[in-house]
There are 2 protein chains.
Amino acid sequence: MNSLRTGEVAQKLGLSAQTLYFYERIGLIPSPQRSPSGYRLFGDRDVARLSFILRVKALGLSLDEIKEILLLYDGESLTCQAIRDRLQHKVQELDQKIHRLQALRNELAPLVKECQSFLSQPSPDGECSALRDITGIGGNQDA
Amino acid sequence: MNSLRTGEVAQKLGLSAQTLYFYERIGLIPSPQRSPSGYRLFGDRDVARLSFILRVKALGLSLDEIKEILLLYDGESLTCQAIRDRLQHKVQELDQKIHRLQALRNELAPLVKECQSFLSQPSPDGECSALRDITGIGGNQDA
DNA sequence: CTACACCCTATACTTCGGTATAGGGTCAAG
DNA sequence: CTTGACCCTATACCGAAGTATAGGGTGTAG
């Protein structure tokens, strides 16, 4: 039944005290016990819950997603299935995001190359095609 | 010299009027001309500038990055080199982001598989290893 | 003249995950 | 008793890219 104060927990987990207050405020963790003078006293379970939060957060889940998982946990209905569904959903989201970023990258990269080749070997008309592609007009479209 | 009012430009470009005000406020576009009664009148160049903004934004540059490019443009010093530097920087950023997301995905995906195999073929101890991995303890860590 | 669509400004609010600040209380050492 | 480290609450603020709302003016058709 060892209990730690806010600063100690913060230190131990690499958070700031303010972040702990914040997590409490948004309902990610329950209000811990208090000492007679009002200091928070975090028990082992509180610290374990926070560790869990940090572990899952490091996996890339948002605080809201973690909160949802913890609600299941609090209701003792944290099943393998429930976790699986959430993780799978997250993996799908990541896949989508990765694809979108790759598409973007593949659109951008050729433009860089065009610029590069123009710089090393300017075309006769003195216009970089990438610049034209992007601005949609010539070098300076005032006209 | 056809000029469009706010709503018409918004409609044409798929923005809201509020967004146009916003772009003006943050200095992304100059204040357009006004009618005697104070209505904004967007000329061809204004619309072209907005199109450019949207085109580049769709490539994934932030409004700040676009603003920076437009400053060069306004100073008539929008060189191929300047564009190239910015684009290349952006491509590098995208590469980093993609790698981080992929690392995340590769950490998450095996957990989903573990859950899957547990669901189809529960282990004798009745515990899903992924769940154990994530929570750090058993199904319900109160103890 | 009135209704209605459209326009204007200014301000506040949104999401996300906190951080920063102000203003005060508690506790142990010296 | 005072100093200093720690703790508390409440509130405001950050970036990004807008959205929403309030409260008012304009322009035109009936």
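Residue numbers start from 1 in every chain, and the chains themselves are labelled A, B, ... in the order their sequence lines are given, proteins ahead of strands.
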Round to the nearest Å and state the distance from [X] atom [atom1] to [N] atom [atom2].
X       : N      : atom1 : atom2 : value
A:Phe22 : C:dA20 : CZ    : P     : 14 Å
A:Leu15 : C:dA20 : CG    : P     : 14 Å
B:Glu68 : D:dA16 : CD    : C1'   : 16 Å
A:Gln11 : D:dC6  : CD    : C1'   : 13 Å
B:Ile53 : D:dA17 : CD1   : P     : 12 Å
B:Glu65 : D:dA16 : CD    : P     : 9 Å

Looking only at the side chain of [X] (C-beta and beyond, no hydrogens), which of the listed nucleotides [options] gets closest?
X       : options               : result
B:Tyr21 : D:dC8, D:dG18, C:dC8  : C:dC8
A:Gln18 : C:dG18, D:dA10, C:dC7 : D:dA10
B:Arg5  : C:dG18, C:dC6, D:dG18 : C:dC6
B:Ser16 : D:dT19, D:dA17, D:dC7 : D:dT19

Under the salt bridge (Lys or Arg N to Asp or Glu O under 4.0 Å) test, residues paired with A:Asp95 that sit two or more places apart
B:Arg105
Those residues that, when tested against B:Gln81, pass side chain to side chain contact (heavy atoms under 4.5 Å, CB included) (two or more places apart)
A:Leu119, B:Thr79, B:Arg84, B:Asp85
Donor-acceptor pair, side chain of [X] and main chain of [Y], under 3.5 angstrom:
X        : Y        : value
B:Arg40  : B:Ser31  : no
A:Asn106 : A:Ala103 : no
A:Glu8   : A:Arg5   : yes
A:Lys67  : A:Ile26  : yes

Any side-chain heavy atom of A:Leu61 sitting closer than 4.5 Å to one from A:Ile69?
yes
Would you jot down, in residue-number order, the residues of residues 25-42 of chain B having a non-hydrogen atom under 4.0 Å from DNA chain C?
B:Arg34, B:Gly38, B:Tyr39, B:Arg40
Would you please confirm or rule out a distance under 4.0 Å between OP1 or OP2 of C:dG18 and any side-chain N or O of A:Lys57?
yes
